[in-house]
Amino acid sequence: MFAPVFLLCLTSVLYQTSFGFNLTIIHTNDIHAHVEEMNKYAGECKPEESARGQCFGGVARRLTKVNEIRNANPDHTILLDAGDQFQGTLWFNIYKGIEAATFMNKFNYDAMTFGNHEFDNGVSGLLPFLNMSNFPIINCNMDVSNEPDLQGKFNKSIVIEKSGKKIGVIGYLIEETEFLSNPGETVKFNDVKESMRSEITKLKAQGVDIIIGVGHYGYGNDMRLAKEVDGIDVLVGGHTHSFLYKEAGTKGPSVEKSEGPYPTVVTRPDGKPCLVVQVFFAGKYLGRLHVNFDNQGDVTRWSGLPILLDSSVQPGNLITDAMVAYHVKSLGQNGEWTDAAIAVLNSGGIRAPIVQGNITRGDILTVQPFGNNVDIITITGLTLKKMLEHSVAKYSNTDRPGAFLQMSDDSIFEITAKYLSTMDQVMMGDEGRITILTDCSTSSSQRHRASIHFIAVFVTVVTSFNIIMKYS
Ligand SMILES: *[C@@H]1O[C@H](CO)[C@@H](O)[C@H](O)[C@H]1NC(C)=O
Ligand SMILES: *[C@@H]1O[C@H](CO)[C@@H](O)[C@H](O)[C@H]1NC(C)=O
Ligand SMILES: *[C@@H]1O[C@H](CO)[C@@H](O)[C@H](O)[C@H]1NC(C)=O
Ligand SMILES: *[C@@H]1O[C@H](CO)[C@@H](O)[C@H](O)[C@H]1NC(C)=O
Ligand SMILES: [Zn+2]
């Protein structure tokens with residue numbers, strides 16, 4: 001509708017902007033307690049589907065991808081969540097938001113805003129989450145002057161500095177939350193547009209010229225907000241679970257059809273562009289938007305699409321992570337964080353995935369039926385090197401031989417940073433020794449408890465159970 005006008009603007013500013021500021025915005029919304037992976041319809045992932053690599057999302061893939069994007073350019077990347085972490089799977093029914101805080105705390109979110117479902121268990125049901133979360137929560141249109149429990153728990157906005165540039169991020173929540181959820185009598189919702197307007201004015205007066213809204217308001221509402229309230233560069237949205245991809249009606253990389261382009265470009269009252277984004281729900285996708293700003297902080301160019309979190313995203317191995325985590329718990333003295341930071345396990349020892357739902361002793365024995373122990377062994381650098389070579393010697397993606405070693409997440413770092421640099425010395429002297437945790441069928445120096453114990457650590461340490469099938 002306004003595309004032709006807009007294109008003119010774009011070409012006229014393109015030339016003067018190559019010296020501007022680039023920002024990558026990674027975003028999530030409406031995760032709805034989807035800790036574990038899901039099938040293509042965002043329903044429960046069945047073991048057969050998981051084994052065939054037909055499942056998506058889950059907190060492990062989400063974190064792997066977020067870290068990958070952020071590590072590529074940390075000074076130009078921010079991560080935002082547009083609300084509704086609560087409600088949607090058993091994880092919420094049981095942990096009531098503690099699961100959301102636990103996992104979100106690992107992501108280093110730059111900011112989150114409340115969704116309506118964050119109030120499903122009333123204000124008191126939100127407090128444990130707020131108490132535990134280690135990232136800023138922002139909202140500009142909630143009036144909590146009559147709700148002491150929420151006072152001081154969030155700000156209207158946050159100013160994030162990246163490479164010396166100030167980025168103002170403002171949170172907002174749909175006014176109907178009053179009826180959609182249970183915020184009670186003490187929390188009032190002011191008009192989103194009015195509240196945004198006054199917060200934008202405040203930030204601009206502080207010299208902040210990049211303004212990003214992160215809100216739980218819905219796709220249609222976000223487009224109207226961008227069109228009616230001046231000065232917003234990007235709106236990271238949620239609530240309507242909108243799948244934005246290419247033009248409306250086109251099929252995305254999975255089963256969803258696009259409801260509109262990603263980003264949806266809206267012309268602001270001042271004629272400049274505002275980019276509106278949202279990424280479906282349940283964390284099946286991760287939003288990634290690259291934006292180029294000119295020196296006035298206006299949007300000049302952009303690119304990006306939602307990333308489908310499919311089985312090509314490989315998180316660290318869960319069982320070996322659990323082995324290390326369990327061992328750290330049982331130890332943890334003398335300066336070093338543990339004496340055995342590396343855990344290895346041959347893939348052939350992992351026999352089955354674990355299905356979403358109650359995890360029984362039977363499930364655990366199905367995964368690891370051999371009743372092996374976790375042992376601590378000390379080996380030479382040469383042996384470690386031989387082990388790694390043996391592990392990959394016959395590796396093939398289609399055959400997935402059992403000899404392939406599963407390694408705990410930190411192992412790669414530990415081995416490269418600490419040992420490979422001195423590997424030659426270690427090998428020559430043959431004196432250097434490395435302590436590792438492994439699953440042995442015969443006893444060795446220090447016998448540890450049966451595998452059943454460390455798998456119990458799963459429940460608190462790790463995430464999408466189904467992915468442990470990958471190489472078995
Ligand atoms: C921003 O990104 C664009 C496109 O990738 C690039 O051409 C430009 O040089 C970048 N600008 C800065 C200041 O890094
Ligand atoms: C908040 O955390 C503190 C200490 O971690 C705890 O004592 C308190 O009970 C928590 N409050 C709520 C409402 O969860
Ligand atoms: C609110 O903002 C102030 C000033 O930047 C900051 O010190 C405080 O920690 C923030 N509060 C919360 C709950 O984020
Ligand atoms: C899970 O375990 C609980 C407690 O034993 C039980 O009430 C519930 O029905 C079980 N759920 C499933 C899906 O088996
Ligand atoms: Zn919602």
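Shown are V214, I212, N108; of these, the side-chain contact (heavy atoms from CB on, under 4.5 Å) with I78 is made only by I212. Checked options T24, N22, T77; the residue passing with H290 is T24 (criterion: side chain to side chain donor-acceptor pair (under 3.5 Å)). Partner of F114 under the ring pair (Phe, Tyr, Trp, His ring centres under 6.0 Å) criterion, out of F119, F129, F189: F119 alone.
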Please lay out, stage by stage, how E194 and R197 fare under the test salt bridge (charged side-chain N to carboxylate O under 4.0 Å, His left out).
CA-CA 5 Å; E194 282 314 310; R197 216 170 255 132; 2.7 Å; yes
Verdict with reasoning, N39 to E44, per side chain to side chain contact (heavy atoms under 4.5 Å, CB included):
CA-CA 6 Å; N39 67 19; E44 182 180 324; 5.7 Å; no
Show, in sequence, the C-alpha distance, side-chain angles and deciding distance for V144 and F154, and conclude whether the side chain to side chain contact (heavy atoms under 4.5 Å, CB included) test is met.
CA-CA 10 Å; V144 295; F154 63 95; 4.0 Å; yes
Go through the steps to decide whether E49 and R52 satisfy the test salt bridge (charged side-chain N to carboxylate O under 4.0 Å, His left out), and finish with yes or no.
CA-CA 5 Å; E49 294 170 317; R52 288 197 296 261; 5.9 Å; no
Chi angles and distances behind the salt bridge (charged side-chain N to carboxylate O under 4.0 Å, His left out) call for D298, K272
CA-CA 8 Å; D298 291 322; K272 290 172 179 162; 2.8 Å; yes
Mind running side chain to side chain contact (heavy atoms under 4.5 Å, CB included) on F107 and T28 for me, showing each step along the way?
CA-CA 11 Å; F107 282 72; T28 54; over 6 Å; no
Take K166 and I210, measure what side chain to side chain contact (heavy atoms under 4.5 Å, CB included) needs, and give me the verdict at the end.
CA-CA 7 Å; K166 288 190 173 128; I210 295 177; over 6 Å; no
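Within the 4.5 Å cutoff, no side-chain heavy atoms of V276 are placed close to those of P263. Side-chain contact between L80 and F135 is absent, with no heavy-atom pair separated by less than 4.5 Å. Inter-residue side-chain proximity for L203 and S157 is flagged as met; some heavy-atom pair is nearer than 4.5 Å. Counting only heavy atoms from C-beta outward, the side chains of F21 and D294 never approach each other to under 4.5 Å. Under the 4.5 Å side-chain criterion, counting only non-hydrogen atoms from C-beta, H32 is not in contact with Q85. Residues L127 and K153 form a side-chain contact, since some pair of their non-hydrogen atoms from C-beta on lies under 4.5 Å apart. At least one side-chain heavy atom of S50 sits less than 4.5 Å from a side-chain heavy atom of E37. Inter-residue side-chain proximity for D222 and Y217 is flagged as met; some heavy-atom pair is nearer than 4.5 Å.
Between the side chains of H216 and T113, no donor-acceptor pair is found at a separation under 3.5 Å. N221 and Y172 are not linked by any side-chain donor-acceptor pair at a separation below 3.5 angstrom, with hydrogens and angles left out of the test. Between E36 and T89, the side chains place no donor N or O within less than 3.5 Å of an acceptor N or O (distance only, hydrogens not considered). In this model, a donor atom of one side chain and an acceptor atom of the other lie less than 3.5 Å apart for T300 and N292. Looking only at atom types and distance, the side chain of N73 has no donor-acceptor partner in the side chain of H76 under 3.5 Å away. Side-chain atoms of H239 and N116 include a donor-acceptor pair closer than 3.5 Å. Defined by atom type and a distance below 3.5 Å, a donor-acceptor pair is missing between the side-chain atoms of H27 and D81. Side-chain contact check for T264 and Y219: at least one donor-acceptor pair (N or O, by modelled atom type) lies under 3.5 Å.
Under the salt bridge (Lys or Arg N to Asp or Glu O under 4.0 Å) criterion, the residue pairs touching residues 236-257 are E256-K284, with sequence neighbours excluded. Listed by first and then second residue, the side-chain hydrogen bond (donor to acceptor under 3.5 Å, both in side chains) pairs involving residues 182-192 are E147-T186 (not counting sequence neighbours).
For the atom pair CG (L150) and OG (S124), the distance works out to 10.0 Å, reported to the nearest 0.5 Å. To the nearest 0.5 angstrom, I138 atom CD1 is 9.0 Å from E199 atom CD. To the nearest 0.5 Å, the span separating CG on L126 from CD on E118 amounts to 7.0 Å. Remark: I25 CD1 to I69 CD1 distance equals 12.5 Å, nearest 0.5 Å. In this structure, CD1 on I26 lies 6.0 Å from CZ on R70, to the nearest 0.5 angstrom. The CD atom of E161 lies 9.0 Å from the CD1 atom of I167; values are rounded to the nearest 0.5 Å.
In this structure, the side chain of N29 engages the main chain of V279 through a donor-acceptor pair within 3.5 Å. Side-chain atoms of Y262 come within 3.5 Å of backbone N or O of R288 as a donor-acceptor pair. A distance-only check finds a donor-acceptor pair linking the side chain of D110 to the backbone of L79 [under 3.5 Å]. Judged by distance alone, the side chain of K162 and the main-chain N or O of P74 form a donor-acceptor pair under 3.5 Å.
Scored by the salt bridge (charged side-chain N to carboxylate O under 4.0 Å, His left out) test, D233 finds R268 as partners (sequence neighbours excluded). Applying the salt bridge (charged side-chain N to carboxylate O under 4.0 Å, His left out) rule to E228 yields the partners K193; only residues at least two apart in sequence or on another chain are considered. Shown here are the ring pair (Phe, Tyr, Trp, His ring centres under 6.0 Å) partners of F243, two or more places apart in sequence or in another chain: Y245, Y285. For F56, the ring pair (Phe, Tyr, Trp, His ring centres under 6.0 Å) criterion is met by no residue, not counting sequence neighbours.
For G238 against A82, the heavy-atom pair with the smallest separation is N-CB, 4.1 Å. Across V192 and N141, no two heavy atoms sit closer than the pair CG2-ND2, 3.4 Å. Pairing each heavy atom of E99 with each of V35, the nearest pair is CG-CG2, 4.2 Å. Across all their heavy atoms, M142 and V187 have their closest contact at CE-CG1, 4.1 Å. When all heavy atoms of H117 and S181 are compared, the pair lying nearest together is CA-OG, 4.5 Å. When all heavy atoms of N105 and S133 are compared, the closest pair comes out as OD1-CA, 3.4 Å.
Around the NZ atom of K40, the shell of radius 6.0 Å holds no more than 12 heavy atoms that belong to other residues, nucleotides or ligands.
Centroid-to-centroid, the aromatic rings of F281 and H241 come within less than 6.0 Å.
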